[in-house]
Amino acid sequence: MHNPYEVIPATIYDVIQESPLIRTLRVKPERPIPFKTGQFIELTIPGIGEGPFTPSSSHYISEEMDITIMKTGFVTEYVHKAQPGDQVGLRGPYGTRYPLEKFAGKDLLILGGGCGLAPLRSLFLTLLHDVEKYNSITFFAGAKTPQDCIYKDAVTEWRKYKNVRFLRSVDVVPAGETWNEDVGLVTTLLKKLDIDPAHNPAVVCGPPIMMKFGTMDLLKYGYKDENIYLSMEKKMYCGFGQCRHCVMGGYYACKDGPVFTYAQIKNEEDIWE
Amino acid sequence: MVIKVEDFFSFLHKCLDKTFHNFDQVVLPAPSRNPLLKNYYFTPMTQTGTYNLDSYRTVDPLKVFFFQPREKMLPAGFPAIKRLIVGAKGCDLRALHVLDQAMINKDFVDPGYSHWRHSTTIIATDCSEIAPTCHCTLTGGKPFAEAGFDLNLSRLGEQYRVTVGSDKGQELLDLMAKNFSMQPAKEGIKSAIEKKRSEIIRLLHEQNRAFERGDDYTRLQSSGKENWNRESLTCVGCGACTHICPTCYCLILNDETKAQQFVKVRSMDSCQLHGYARVAGGGSPRPKMFQRFRNRYLCKFLFMHSNFGELGCTGCGRCTETCTAGIDFRQVVRNISETVAVVS
Ligand code: SF4
Ligand code: SF4
């Protein structure tokens, strides 16, 4: 019988320091872990603990996986000490995926900030795999300051696609840093939106406060509840609807999510906490 | 079928013998060693111990034999112990039904829980007495098991009426009948047992009259924050109530990996503890005690009901019995329900 607690060993083959607090681990699992973009995995740091993370790489690649992680707590502290060659463990994948089929032929908006960009990068790279399927992709990415921007090296590449519009905005530009893109909360980029909100999907991921105001703004601009996809990151401990840590009212973030439409969860309590 | 109480105990003693049956352990309720306490604890049977199968539920919930407080899940390797549990109560068997749905379902099978579930035989017994906190009848239960047992015993004087709940139970009954004198239950015995059961139900109704609240539990959700705040004022957030609850199964997975082998240990967790749902970065959906307190009630009456189609509270009263702060679970449900008018 399959043991749901089973861990697949994986070796770190590269570490990319994206920003002072965020780094991407590139790992090679002992056997491929096929996942669908939007799903998450549990990453074990041997002897330390484990936590839920969303892969940030394309789901067309299952032999290797990128996992972008922000330093926030106990486990991630150790993640930030990890070196190429170190062994970690992976369980999963778990949860729901982004419904790519609903994005086909549409003008998709992706709105994200901070570490919320990790699942969005996975989505974005997966979309690029057959980019002609989508009418257009607008990606609005936010960060606190220019040095907090992640995936810096990839941005120029991404901007080369003719149906991709990639805009970035930072909250502030501290003295001594240069920045010649937008300044302000990522939601201010919505002013530059040139797609029809009423008939197109939007995907949001970021810190809770950004997701809350991002969603509210999208509604104001005319997006429909059922077209707003949210990646709800709760404390998804076990990954399979068992431990109950991530329960949001009648839903489990790990099993019924992490990808929800706003229509699904808008009546649940404390979703933005 | 009917067997003498004395003979039934002789049967259990024989069960300790490997040449008679392959049970490794017989577990049954023993009275507390403190004579001031009228309490029972599940205890492994010995040739000399004294036991009581017929009083009310034990202090420890039946779940500890299946969902252990702490158990290694990876690498999986569970001791091959065949256990016979005698004296399980109706409330705990209802709880086990909830846990069965949670731990063994189409998406997930917990290897530890399913191992213990399959290697255990359960003999239930009717309650002949009730504890001061018992309130199974308020949550739709009865003071005797209706399902979930292999055999059930109803005591009448110095006899047990034995009823069968499964094939495993039938085999055990056959073994009993082969070795001891047993007679079919006469109508008189059946009706006497019915009478006794109704009498216990009457006692439960009487004991819980002041806590009656109807079954519209959505009121727990609509009642205001100030009410939950008031009810939870003395709660210290120790989590005793959830650990002892027969249907709570929140778990935490600890990593105890050493060298090259991944080791995962599953422990009980509690939604009453402050760190429970906190995510990295410090955010928590329920930072205040009253929110966590309220969550337990909503989970029992609404969330579990929506997940499993049955209440998560069996009315066993253990949470009330154990609470450091002396909070009576029934009283809270009643108080909160009264803050919201029922819409008919
Ligand atoms: S046992 Fe009592 S004090 Fe402890 S968490 Fe439960 S309700 Fe609060
Ligand atoms: S909530 Fe209290 S009374 Fe209900 S099943 Fe749990 S321990 Fe028993």
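Throughout, a chain's letter reflects where its sequence line sits, starting with A, and its residues are numbered from 1. Values below: all heavy atoms of this structure, side chains included; hydrogens, waters and symmetry mates excluded.
Counting all heavy atoms, side chain and backbone alike, Asp255(B) lies closest to Ile48(A) at OD2-N, 3.6 Å. Between Lys264(B) and Tyr5(A), the closest heavy-atom pair is CG-O, 4.2 Å. The two residues Pro4(A) and Val109(B) come nearest to each other via the heavy atoms CG-O, 3.2 Å.
The CZ atom of Arg91(A) lies 11.5 Å from the CZ atom of Phe262(B); values are rounded to the nearest 0.5 Å. With rounding to the nearest 0.5 Å, the separation of CG in Asp110(B) from CG in Asn3(A) is 8.5 Å.
Scored by the ring pair (Phe, Tyr, Trp, His ring centres under 6.0 Å) test, Phe65(B) finds Phe42(B) as partners (sequence neighbours excluded).
With a 4.5 angstrom heavy-atom cutoff, Lys258(B) does not touch chain A via any of its atoms. Heavy atoms closer than 4.5 Å to chain B are found nowhere in Pro207(A), neither backbone nor side chain.
Residue pairs meeting the side-chain hydrogen bond (donor to acceptor under 3.5 Å, both in side chains) criterion with at least one partner in residues 77-87 of chain A, sequence neighbours excluded, are absent.
The neighbour count for Lys168(B) NZ, taken as heavy atoms of other residues, nucleotides or ligands under 6.0 Å away, is above 12. In the displayed structure, Lys288(B) atom NZ is contacted under 6.0 Å by at most 12 heavy atoms of other residues, nucleotides or ligands. Residue-environment remark: CG (Asp215(B)) stays at or below the threshold of 12 foreign heavy atoms within 6.0 Å.
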